[in-house]
Chemist: 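Okay, handing you the structure first.
Just follow the structure's listing: the first ligand is 1, and inside any ligand the first atom is 1.
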Amino acid sequence: AKALGKARYELFNQEMYTNALARLQLENDLRRAIERHEFQLYYQPIVSLTNGRLIGFEALLRWQHPERGLISPTDFIPLVEESGMIVEVGYWALHEACRQMQSWQVRHRTNSLEKISVNLSVKQFSQPDLIEQIGEILHSTGLDAGSLMLEITESAIMENGDEANAELLKLRKMGIELSIDDFGTGYSSLSRLHSFPISVLKIDRSFVSLIDANGKNLEIIETIITLAHKLGMDVTAEGVETKEQLAFLRNLNCECGQGYFFSRPLDNTAAVALIGYCWRI
Ligand code: C2E
Ligand code: CA
Ligand code: CA
Ligand code: CA
């Protein structure tokens, strides 16, 4: 028993050691990434399902790592969250998205590009100076608050309870629009969300991907869309990949769609070329 205990103890220590090292390595990499501009934003079109027009983009982080190549956010966001550096990285992304959107609006003198959507992590959302930071970003980039949509997950809102609602109200008063991200993956109820100042509900891709598969799950989507509409929210469907999914969603009067059917996330050169574009739907 003693030997086993010792082995466990050593294993534990070794794990701690490698984790600590890995963490240190990652933190170094992340600091360097910010300094050396290794982060990039990609932009995925959000399309009106009424008329096929491009109405906005969701800004999505990419990490161009010098040795490991282009890293997807699903591979590094959890680590960045854990290390606490998500706050810094998140503000970098927000600033960059606002700067880009402002320059597109000026260059194209257009109001056809209505919104830039940016993801806000749980940790960022619970920062005490959130409102000041966002105000400062809008001020320094010159972007109109009405052109910014912040995407917040159900769990971020539920974890922060009443405080979350107060923060959301402040953001809303600034003129920023709010959407609830990945809806259906958390445990919140639409009736609770009703009390929050949220104008758009984004249905998670996992539901949209079920559309061709079987009738039962179709009812879930139908229920979500109908309830959201009753509560005065617009609905954006994530992960639209097929024309059958598109037809089904249009039939339920889902306002907007996003997904590979329209476009993958694009770098800024490819994104700007789509401003004013209209898909034939
Ligand atoms: P998300 O907010 O749910 O973003 C949508 C994800 O679905 C993106 O993955 C997008 O590329 C992918 N996607 C869009 N359409 C389709 C489709 O038709 N089929 C499939 N299979 N996938 C589709 P991505 O870019 O890898 O981002 C993953 C997640 O990382 C995001 O999920 C978001 O939670 C997080 N993330 C990305 N950028 C940021 C950021 O700046 N800040 C924070 N806090 N999180 C971010
Ligand atoms: Ca999102
Ligand atoms: Ca999402
Ligand atoms: Ca999702």
Chemist: Indicate yes or no for a side-chain donor-acceptor contact from Glu96 to the backbone of Ala93 under 3.5 Å, with no hydrogens or angles considered.
Modeler: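 Here the side-chain-to-backbone pair does not exist.
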
Chemist: Report the member of Leu61, Leu41, Val118 with the shortest heavy-atom distance to atom 38 (N) of ligand 1.
Modeler: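 Looking at heavy atoms only, Leu61 sits closest to atom 38 (N) of ligand 1.
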
Chemist: So which bit of Ser121 gets within less than 4.0 Å of ligand 1, heavy atoms only: side chain, backbone, both or neither?
Modeler: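 Ser121 to ligand 1: contacts from backbone and side chain alike.
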
Chemist: Using a 3.5 Å cut-off on N or O atoms only, is Asp182 in polar contact with ligand 1?
Modeler: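 Indeed, backbone or side chain, Asp182 has an N or O that close.
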
Chemist: For Val240, counting its heavy atoms only, list the atoms of ligand 1 lying under 4.0 Å from any of them.
Modeler: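 In order of number, 18 (O).
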
Chemist: Between ligand 1 and Ser72, can you find any atom pair, the residue atom being a heavy atom, that is separated by under 4.0 Å?
Modeler: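 Heavy atoms of Ser72 do come under 4.0 Å of ligand 1.
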
Chemist: To the closest 0.5 Å, what do you measure between NE2 (His229) and CG (Leu201)?
Modeler: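 Rounded to the nearest 0.5 Å, the NE2-CG separation comes out at 9.0 Å.
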
Chemist: So that I can tick it off, tell me whether Lys123 and Glu81 are bridged by a salt bridge, with the cut-off set at under 4.0 angstrom between side-chain N and carboxylate O.
Modeler: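 No, this pair does not count.
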
Chemist: Between Leu130 and Tyr91, is there a side-chain heavy-atom distance shorter than 4.5 Å?
Modeler: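 Result yes, sub-4.5 Å side-chain heavy-atom pair found.
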
Chemist: Please determine if the Ca ion (ligand 2) has an N/O/S atom from Glu58 lying under 3.0 Å away.
Modeler: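 Yes, Glu58 qualifies, because one of its backbone or side-chain N, O or S atoms lies under 3.0 Å.
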
Chemist: Given the Ca ion (ligand 2) as the apex, I'd like the angle to OE1 of Glu151 and OD2 of Asp181, rounded to 10 degrees.
Modeler: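 Seen from the Ca ion (ligand 2), OE1 and OD2 are separated by roughly 90°.
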
Chemist: In terms of side-chain geometry, is the basic nitrogen of Arg32 or Glu35 positioned less than 4.0 Å from the acidic oxygen of its partner?
Modeler: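 Looking at Arg32 and Glu35, the cut-off is not met.
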
Chemist: Counting only heavy atoms closer than 4.0 Å, does ligand 1 sit against the backbone of Glu58, its side chain, both, or neither?
Modeler: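 It is the side chain that gets close, since no backbone atom is under 4.0 Å.
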
Chemist: Would you mind telling me if ligand 1 is within reach of the side chain of Gln258, the backbone, both or neither, using heavy atoms under 4.0 Å?
Modeler: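 Neither part.
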
Chemist: Heavy-atom distance under 4.5 Å between the side chains of Val89 and Leu61, does that happen here?
Modeler: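 Yes - at least one pair of side-chain heavy atoms lies under 4.5 Å apart.
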
Chemist: Is there any N or O on Tyr260 that sits under 3.5 Å from an N or O of ligand 1?
Modeler: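 Tyr260 vs ligand 1: N/O contact under 3.5 Å present.
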
Chemist: Take every heavy atom of Glu241, measure it against each atom of ligand 1, and state whether any distance is under 4.0 Å.
Modeler: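 True for this residue.
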
Chemist: Under 4.0 Å from a heavy atom of Pro265: which atoms of ligand 1 are those, numbered in the order shown and with their elements?
Modeler: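 Atoms satisfying the 4.0 Å criterion: 11 (O).
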
Chemist: Could you tell me whether any N, O or S atom belonging to Asn119 is less than 3.0 Å from the Ca ion (ligand 2)?
Modeler: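 So Asn119 counts as coordinating the Ca ion (ligand 2), yes.
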
Chemist: First locate atom CG of Asn119, then atom CD of Glu151, and finally report the distance between them rounded to the nearest 0.5 Å.
Modeler: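 It comes to 5.0 Å.
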
Chemist: Kindly state each residue pair satisfying side-chain hydrogen bond (donor to acceptor under 3.5 Å, both in side chains) with at least one member in residues 41-50, sequence neighbours excluded.
Modeler: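 For residues 41-50, and leaving out neighbouring residues, the side-chain hydrogen bond (donor to acceptor under 3.5 Å, both in side chains) pairs sorted by first residue read Gln44-Gln258, Ser48-Thr50, Ser48-Asn51.
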
Chemist: Would Leu113 and Ile46 show up in the same hydrophobic cluster when neighbours are defined by side-chain heavy atoms closer than 4.5 Å?
Modeler: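 Per the 4.5 Å side-chain linkage, Leu113 and Ile46 are not co-clustered.
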
Chemist: So if I count the atoms of ligand 1 from 1 in the order they appear, which ones are less than 4.0 Å from some heavy atom of Ala93?
Modeler: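 Numbered from 1, ligand 1 contributes 41 (O).
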
Chemist: Side chain, backbone, both or neither: which applies to Thr153 and ligand 1 if a contact is any heavy-atom pair less than 4.0 Å apart?
Modeler: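 Answer for Thr153: neither.
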
Chemist: What part of Gln44, side chain, backbone, both or neither, has a heavy atom within less than 4.0 angstrom of ligand 1?
Modeler: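 Contact part for Gln44 vs ligand 1: side chain (C-beta onward).
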
Chemist: Purely on distance, is any nitrogen or oxygen of Asn119 under 3.5 Å from one on ligand 1?
Modeler: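 There is such a contact, yes.
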
Chemist: Within the distance-only criterion (no hydrogens, no angle test), does the side chain of Asp129 pair as donor or acceptor with the backbone N or O of Glu132 below 3.5 angstrom?
Modeler: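 Checking the backbone N and O of Glu132 against the side chain of Asp129, no donor-acceptor pair under 3.5 Å is found.
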
Chemist: For ligand 1, note which part of Ile77 has a heavy atom under 4.0 Å away: side chain, backbone, both or neither.
Modeler: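 Answer for Ile77: side chain.
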
Chemist: Sort and list the pairs that fulfil ring-ring contact (aromatic ring centres under 6.0 Å, His included) and have at least one residue in residues 56-87, not counting sequence neighbours.
Modeler: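 Output for this query lists Phe39-Trp63, Phe39-Phe76, Phe57-Trp104, Trp63-His65, Trp63-Phe76.
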
Chemist: So among Glu58, Met149, Lys202, Glu255, which one has a side-chain contact (heavy atoms from CB on, under 4.5 Å) with Thr236?
Modeler: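 Among Glu58, Met149, Lys202, Glu255, the one meeting side-chain contact (heavy atoms from CB on, under 4.5 Å) with Thr236 is Lys202.
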
Chemist: For ligand 1, which atoms, with element, lie under 4.0 Å from some heavy atom of Gly259?
Modeler: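 Matching atoms, with element in brackets: 15 (N), 18 (O).
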
Chemist: Does ligand 1 have any atom sitting under 4.0 Å from a heavy atom of Arg62?
Modeler: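 Under 4.0 Å: yes for Arg62.
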
